[in-house]
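The analysis underlying the following values was restricted to heavy atoms, covering all of them including side chains, and did not include hydrogens, waters or symmetry mates.
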Amino acid sequence: MDKLVVHGGSVIKGSINISGSKNASLPILAAAILTGEDCIIRRVPDVSDTNYMIQILSALGAEVERSSGTVRISCADISDEAPYELVRRMRASICVMGPLLARKGRAVVSLPGGCVIGDRPVDLHLKGMEALGAKIEFEGGNIILTAPDGLRGAEINLRGESGPTVLGTDNVMMAATLAEGITVIESAAAEPEVLDLANFLNGMGAKITGAGTRRIVIEGVKELKGVEHTVIPDRIEAGTFMAAAALAGEGVRLNRVNREHLRAITEAIIKSGHKVEFNEEGTSCFVERGEVLQGVDLNTSPYPGYPTDMQAQMTALLVTTPGISVVKDSIFPQRFMHCAELKRMGADIKLDQGTAIVRGVEKLSAAPVMASDLRASAALVLAALRAKGTTEISRLYHIDRGYEHIDEKLLMLGADVERVRV
Ligand code: EPZ
């Protein structure tokens, strides 16, 4: 189990490239199940979550080749049962459900287990599959979906108590591509990753309109074909490095970004007093630590709102920002595991039912801390860059789930970090 040792206090500067999006790659890899032809997917980040997805596809019988970010998948002959041992490791494996059901008329996927960021039900995914005509049974911890006569288009509202569901929208959209007739998804998730998946599916010959809005219309087709696709930049990795640059930077350039996807994050960083400038095309940004800083209030919400996946990292930035900041996570109200560890480093945070009240302190001090989930770990790395002394972050496998070579990128920017194999 690796740990990251961060010697705080060094200044970061220079430029790095942002990787392809993990959360776009996962459903796109799963979507390759929808065709027997070869799919070539570029800029798939080398992180353990995409590796799990590739292992699941291989276990289903797909032929997969991977070489420096490019994945070629052939699902000529696949089974309809996703293996529990692999599925249980990653919640996003649920997105093989829609493609398997559409292609095979049957899908067996285990129910995702508990999750450290809070309760993560799949009721909306199942509601969608049922509306498309699938029969659903539960047996031995598995969900068994069957549609022997194929799926039929339907009108489906995917709004849950906390708003739309991202992977639920992906799952229903993928299943509906091969359904008979027209499917309308109301209250769909509008995240850029959903749009990227729709673009991939349309490249395969699907007929999807409205992706990226709250209403998606899918006209079912008889079959899909192979496609080549390049995954969008990872807006959360970009946001994390923007926060790092604001915390400890003397001018950091991030290449391969998408300005449009980063609007809410950019706004929050600028509001707290830092400088963010994009090039004309919006594909590269320069972030500089500001001089007059102030606390900000944040509330996470579905895209285009402030993303829950950038809540922990922004909290880490606000911990040493003068004034009071109020950070609310409306999507995952229990996603505050990082706060206990940040407090061990000297942060002044009070938690109150899905809200963190942060009083900015002048400095943080190093402490041994433990990563608890992907974004919480990133928050600890950020805080450690600014802390006095050496911070050891254990359980680094959490961060390796979603950040491609984070230690190498930080080293390139001049941070004093080392990965230690324990
Ligand atoms: C996706 O998860 C992301 N994962 C998460 O990123 C992200 O935090 C989340 O969307 C919200 O933006 C991937 O894309 C692989 P949801 P997803 O269904 O789709 C409730 C990261 O750090 N809900 O949009 O599983 C749910 O409890 C990860 O990279 C239901 O009630 O999340 C939550 O409150 C972690 N019923 C809200 O909807 C359902 O059936 C949004 O969750 C499904 C969800």
Side-chain angles (χ1 to χ4, degrees), residues 26-37 39 56-57 60-62 75-82 87 92-111 121-139 142-160 164-189 194 197-211 215-227:
L26 294 172
I28 287 175
L29 290 168
I33 292 173
L34 288 162
T35 177
E37 295 185 15
C39 292
I56 293 170
L57 294 175
L60 283 166
C75 292
D77 189 15
I78 48 158
S79 112
D80 55 20
E81 297 200 15
V87 169
S93 3
I94 192 76
C95 54
V96 299
M97 181 168 83
L100 279 182
L101 182 64
R103 171 100 187 267
K104 306 287 291 182
R106 182 172 183 269
V108 182
V109 184
S110 44
L111 269 167
V122 291
D123 56 313
L124 296 168
H125 298 238
L126 299 181
K127 175 183 165 187
M129 297 304 152
E130 211 162 26
L132 292 173
K135 189 173 141 220
I136 298 172
E137 291 163 293
F138 299 93
E139 202 182 285
N142 289 326
I143 316 170
I144 303 168
L145 299 103
T146 40
D149 304 323
L151 299 167
R152 284 181 317 276
E155 287 216 3
I156 306 164
N157 190 317
L158 281 183
R159 188 178 173 79
T165 161
V166 177
L167 293 179
T169 302
D170 290 345
N171 241 335
V172 175
M173 190 164 73
M174 288 189 279
T177 55
L178 292 178
E180 199 187 315
I182 291 180
T183 298
V184 180
I185 308 177
E186 300 283 0
S187 301
V194 176
L197 172 64
N199 288 338
F200 178 79
L201 294 167
N202 282 340
M204 294 172 93
K207 292 189 176 164
I208 303 172
T209 52
R215 185 171 193 270
I216 302 178
V217 180
I218 306 124
E219 189 185 330
V221 295
K222 286 257 176 306
E223 57 178 19
L224 295 171
K225 54 184 177 30
V227 65

Distance from Asp80 atom CG to Leu145 atom CG, nearest 0.5 Å? 10.5 Å
To the nearest 0.5 Å, atom OG of Ser110 lies from atom CE of Met97 at 11.5 Å
Taking all non-hydrogen atoms of both residues into account, name the closest pair between Ala62 and Cys75 and its distance. CB-SG, 3.7 Å
Would you give me the side-chain donor-acceptor pairs under 3.5 Å for residues 129-139, sequence neighbours excluded?
none

Pair Leu29-Ile56, side-chain contact (heavy atoms from CB on, under 4.5 Å): steps then yes or no: CA-CA 10 Å; Leu29 290 168; Ile56 293 170; over 6 Å; no
Is there a side-chain contact (heavy atoms from CB on, under 4.5 Å) between Val194 and Ile216 once you walk through the steps? CA-CA 10 Å; Val194 176; Ile216 302 178; 4.2 Å; yes
With sequence neighbours left out, write down each residue that passes side-chain contact (heavy atoms from CB on, under 4.5 Å) with Glu219, or none if nothing qualifies. Ile182, Lys207
Using a 6.0 Å cut-off, check whether atom CZ of Arg152 has over 12 heavy atoms from anything other than its own residue. no
Applying side-chain hydrogen bond (donor to acceptor under 3.5 Å, both in side chains) to Arg215 and not counting sequence neighbours gives Glu186
Mind jotting down which residue pairs meet the side-chain hydrogen bond (donor to acceptor under 3.5 Å, both in side chains) criterion with at least one end in residues 169-185? Sequence neighbours excluded, please. His125-Asn171
Write down the atom of Ala82, the atom of Val96, and the distance for their closest heavy-atom approach. CB-CG2, 4.2 Å
Note, Leu60 side chain near Leu100 side chain (heavy atom, < 4.5 Å): yes
For Pro27 versus Met174, what's the shortest heavy-atom pair and its separation? O-SD, 3.8 Å
Let me have the donor-acceptor pairs involving side chains of residues 198-206, under 3.5 Å, with sequence neighbours excluded, atom names and distances please.
from   : atom 1 : to     : atom 2 : distance (Å)
Asn199 : ND2    : Leu195 : O      : 3.4
Asn202 : OD1    : Ile208 : N      : 2.9
Asn202 : ND2    : Ile208 : O      : 3.1

So which atom in Ala175 and which in Ala102 form the shortest heavy-atom distance, rounded to 0.1 Å? O-CB, 3.6 Å
Which atom of Thr35 lies closest to which atom of Gly226, heavy atoms considered: OG1-N, 3.9 Å
What I'd like to find out is whether the side chain of Leu151 reaches to under 4.5 Å of the side chain of Leu178, using heavy atoms alone. no
Do other residues, nucleotides or ligands put more than 12 heavy atoms under 6.0 Å from Asp123 CG? yes
Applying side-chain hydrogen bond (donor to acceptor under 3.5 Å, both in side chains) to Ser187 and not counting sequence neighbours gives Asn157
Side chain Thr146, main chain Pro148, donor-acceptor under 3.5 Å: no
Where Arg103 and Ile33 come nearest, the two heavy atoms and their spacing: NH1-O, 2.8 Å
